[in-house]
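Have a look at the structure below before the remarks.
In each ligand, atom 1 is the first atom listed, and ligand 1 is the first ligand listed. Values in this document were obtained by computation on a predicted structure and should not be read as measured data.
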Amino acid sequence: MSRTQEKHNRSVSKDVLVVGGGTSGFVAAIAAARNGASVLLLEQRDHLGGTHSGGMVMMIRSMRHMKAPANMEQKKIMMTGYESSFDDEQVVRSIVQEYINRMLEIGSAWGRKDEATARQMFDPEIAKWVIQDMVAEAGVEVWLNTQATDVIMEGNALKGVVIESLRDRVEVHAGITIDTTGDGDIAAAAGAAFEFGSPEDGKCQPASLYFAVGGVQLDKTIAYMRDHANEFGEEYVKTMVGLKEQNKPITMFPFKEKIREALKNGDYPIPYGVETVNPDTLSYIVRPMFRNGKFRYDVTYHNMDMAYNFDATDRVELTKATLAMRDLANKMAKFYRKYVPGYEDSYLSYTAQSVGIRDSRRIVCDYTLTREDVLAGQVFPDGIGRYGSLMDVHDKSGKKSLSLVEVGGHGWFHVPFRSLLPKGIENLMVAGRCISADYDAQGSVRSQAASMVTGQATGTAAALAVQQKRKLRELDVSALQEVLKAQNQVI
Ligand SMILES: Cc1cc2nc3c(=O)[nH]c(=O)nc-3n(C[C@H](O)[C@H](O)[C@H](O)COP(=O)(O)OP(=O)(O)OC[C@H]3O[C@@H](n4cnc5c(N)ncnc54)[C@H](O)[C@@H]3O)c2cc1C
């Protein structure tokens, strides 16, 4: 039967609209719905979880405080041990811990019930299922493959968003909208001011496309590392061997000498946007995959700095960088096959569904969290959660090592509610990596646990504001804190 199509116009209305079903967005939607709001969650891709799942970032940093290493040798030992460490105080709980518990029950996260590790490992593939189940159970309506394309404003108040495709034009009206797009797309379109990249030149940290390599014989790789203890560090290799024997998570770093050799032979692929690679400063982490109850040492996940000097909010620049990163993943798999012992029979198993963007817009809110706040372990009267991750800033030029700076004070700082309220705009909150923070502080709060903490706080605040018919800035923040505490969040 042939048919023709007419474009439909329609409008829907919800208490709370969450735009972006990623790391912070799925938690925001669950929190708003559990606190009594009707919620619509929009996601432009075909799965939930964003960078956390489709981006294959398979480690949640840092539900516990993480210390900064003094030097590279210590860094390697500490880093590889953190994934199985229950030391130090746990500062993030509630929905995040509940989610990890569910993943643990089905063998999709490593660890113990009700306790997260300092770097919580999980299976990003199964994460998509667990997230969609939790969101559905909370009663959230989800629209996948749906991109918000415009905002509806009345003066400085956001009234909702527009979704426009060739098939339809939908106006979504909402009491409160939460921008969890990563890039702060909604807030920027609503007229909120933003900061972008580093204060010196506006350039962002490099982006990465996670990829997985299968067919690995890791015992051979480790034997090589043991035989080259001068290069890798005796203590580190010993730690790694011990962890592997107990089927615990391990972290591997670049094979510097192999990279030097490949560079000489013209076999080492150069990242997008830079001229060369320095094996001594390259940020590259390799880990085994955790799946169905154990670490699979025959498949390794690779996270390397791959694309520099581009603007992730510009479609043309993002496309060029994405194509280059996928090409680089394929070439890196070839490099491993040719040069790294244990990888002789390996193959590129898959690349992440979405590219990993570390930073772009940081929306200017009523308060901007600063490097000094993180260094002081600042406590704020309007804190909506604690966070204790290092300020992890990858070098934007590709010439220096990444900078890891430890949180001061108690080893955690408060994320203030004001850092989630875009300055001058009503009915709008931001959560995730685009909250108000300076370049260095964003290096800490961009992490997944903090993104989820801000997601939970915004979802809860949105539901309260709608119920109480109050503006966000009129909310009693101590009442919000009490609700979060009652739901087991640490404030
Ligand atoms: C390579 C890399 C490695 C990292 N490593 C770690 C790590 O090991 N541990 C850690 O804790 N953190 C890590 N991080 C940081 C962390 O993963 C991210 O900062 C965090 O996941 C971002 O969460 P988010 O909710 O802000 O964005 P995302 O999870 O990216 O979610 C944003 C969502 O919004 C959707 N969206 C965007 N625009 C629209 C629109 N207009 N309409 C509808 N949907 C839209 C996107 O499709 C996406 O699903 C890493 C980040 C990167 C990039």
Between L48 and ligand 1, find which residue part has any heavy-atom pair under 4.0 Å and reply side chain, backbone, both or neither. neither
Who's the nearest protein heavy-atom neighbour of atom 2 (C) of ligand 1, and how far? R358 NH2, 3.6 Å
Tell me the protein heavy atom at minimum distance from atom 49 (O) of ligand 1, and give that distance in Å. E43 OE1, 2.6 Å
SB check D305 R358 (cutoff 4.0 Å): yes
Using a 4.0 Å cut-off to any heavy atom of I357, which atoms of ligand 1 qualify? 53 (C)
Among all protein heavy atoms in this structure, tell me which lies nearest to atom 39 (C) of ligand 1, with the distance rounded to 0.1 Å. Q44 OE1, 3.4 Å
Can you confirm, on distance only, whether ligand 1 has an N/O atom lying under 3.5 Å from any N/O atom belonging to I186? no
Is any side-chain heavy atom of M429 less than 4.5 Å from a side-chain heavy atom of L421? yes
Salt bridge check: are R362 and D438 linked by an N-O gap of less than 4.0 Å? no
When you measure from atom 20 (C) of ligand 1 to every protein heavy atom, which one gives the shortest distance, and what is it? R446 O, 3.6 Å
For ligand 1, which atoms sit closer than 4.0 Å to a heavy atom of T181? 32 (C), 34 (O), 37 (C), 38 (N), 39 (C)
Run through K248, R64, R287 and flag the one making a salt bridge (charged side-chain N to carboxylate O under 4.0 Å, His left out) with E83. R287
Any nitrogen or oxygen of Y210 lying under 3.5 Å from a nitrogen or oxygen in ligand 1? Just yes or no. no
List in chain and number order the residues that pass side-chain hydrogen bond (donor to acceptor under 3.5 Å, both in side chains) with Y236, two or more places apart in sequence or in another chain; answer none if no residue qualifies. none
Near R45, which atoms of ligand 1 are under 4.0 Å from a heavy atom of that residue? 47 (O)
For S447, the ligand 1 atoms with a heavy-atom partner under 4.0 Å come out as 11 (O), 12 (N)
Could you tell me whether some N/O pair between M59 and ligand 1 is separated by less than 3.5 angstrom? yes
Check each atom of ligand 1 against the heavy atoms of G50 and keep those under 4.0 Å away; list them by number with element. 29 (O), 49 (O)
Regarding atom 28 (P) of ligand 1: of the candidates T180, I435, T51, which has the closest heavy atom? T51
If you take the nearest heavy atom of each of S24, G21, S53, which one is closest to atom 24 (P) of ligand 1? S24
Find all atoms of ligand 1 within a distance of less than 4.0 Å from any non-hydrogen atom belonging to G182, and give their numbers and elements. 26 (O), 27 (O), 32 (C)
Where is the nearest protein heavy atom to atom 17 (O) of ligand 1: which residue, which atom, and how far? Q448 CG, 3.4 Å
Can you pull out the closest protein heavy atom to atom 21 (O) of ligand 1? Residue, atom name and distance to 0.1 Å, please. T23 OG1, 2.7 Å
I'd like to know if R361 and D185 make a salt bridge, using a cut-off of under 4.0 Å between side-chain N and carboxylate O. yes
Assess whether a salt bridge exists between E43 and K128, defined as any Lys/Arg side-chain N lying under 4.0 Å from an Asp/Glu carboxylate O. no
Should you measure from each heavy atom of G20, which atoms of ligand 1 turn up under 4.0 Å away? 33 (C), 34 (O), 35 (C), 44 (N)
Just let me know how T149 lines up against ligand 1, side chain, backbone, both or neither, with a heavy-atom cut-off below 4.0 Å. neither
I'd like to know if D327 pairs up with K331 as an ion pair, taking the criterion as any Lys NZ or Arg NE/NH1/NH2 lying under 4.0 Å from an Asp or Glu carboxylate oxygen. yes
For T368 and S436, which I'm curious about, is there any donor-acceptor pair between the side chains at under 3.5 Å? yes
Would you say K320 has more than 12 foreign heavy atoms packed within less than 6.0 Å of its NZ? no
Atom 53 (C) of ligand 1: nearest protein contact (heavy atom, Å): G356 C, 3.1 Å
Indicate the atoms forming the closest heavy-atom contact of L375 with V405, along with that distance. CD2-CG1, 3.6 Å
Which atoms of ligand 1 sit under 4.0 Å from any heavy atom of S208? 1 (C)
Side-chain heavy-atom pair F194, V430 within 4.5 angstrom cut-off: no
List the closest protein heavy-atom neighbour of atom 5 (N) of ligand 1: residue, atom name, distance to the nearest 0.1 Å. V57 CG1, 3.3 Å
Between D183 and S360, is there a side-chain donor-acceptor contact under 3.5 Å, judged purely by atom types and distance? yes
Between T181 and D179: side-chain donor-acceptor atoms closer than 3.5 Å: yes
